[in-house]
Amino acid sequence: MTTVSLIEAQSKLSELVHQLASGEEVVITENKRSVAHLLPAQPSRTLGTLRGSVVHTCPDFDASLDDFGEYMP
């Protein structure tokens, strides 16, 4: 984890962002107190990756619920 002052972070922002690509975290300080953390971006999720993971559903899964009859139109 790299620690830099706020003034240094302003002047070296692009360099710090490139450090994030390798998984490094950056802490920005002001008056020797931590004020911000720069973290690498999380990869976006891919739709359909859980396809086939549900192996069983009840036969009455989509049946109406008797308890909620008075709320249904």
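Atom set for the values below is all heavy atoms of this structure, side chains included, hydrogens, waters and symmetry mates excluded.
- Smallest separation of non-hydrogen atoms from Val4 and Ala9: CG2-CB, 3.9 Å.
- The closest side-chain heavy-atom distance from His37 to Ile28 is not below 4.5 Å.
- A donor-acceptor pair is defined here as one N or O able to donate and one able to accept, closer than 3.5 Å; no such pair exists between the side chain of Thr29 and the backbone of Ser34.
- Counting all heavy atoms, side chain and backbone alike, Glu8 lies closest to Ser11 at O-OG, 3.0 Å.
- Paired with Val26 under the rule side chain to side chain contact (heavy atoms under 4.5 Å, CB included), one option of Leu16, Thr3, Leu13 passes, and it is Leu16.
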*Begin from the C-alpha positions of Glu24 and Thr2 and carry the test side-chain contact (heavy atoms from CB on, under 4.5 Å) through to its verdict.*
CA-CA 7 Å; Glu24 181 79 21; Thr2 304; 3.1 Å; yes
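- You'll find the side chain of Leu20 stays beyond 4.5 Å of the side chain of Leu39, heavy atoms only.
- For the atom pair CD of Glu25 and CD of Gln19, the computed distance is 12.0 Å after rounding to the nearest 0.5 Å.
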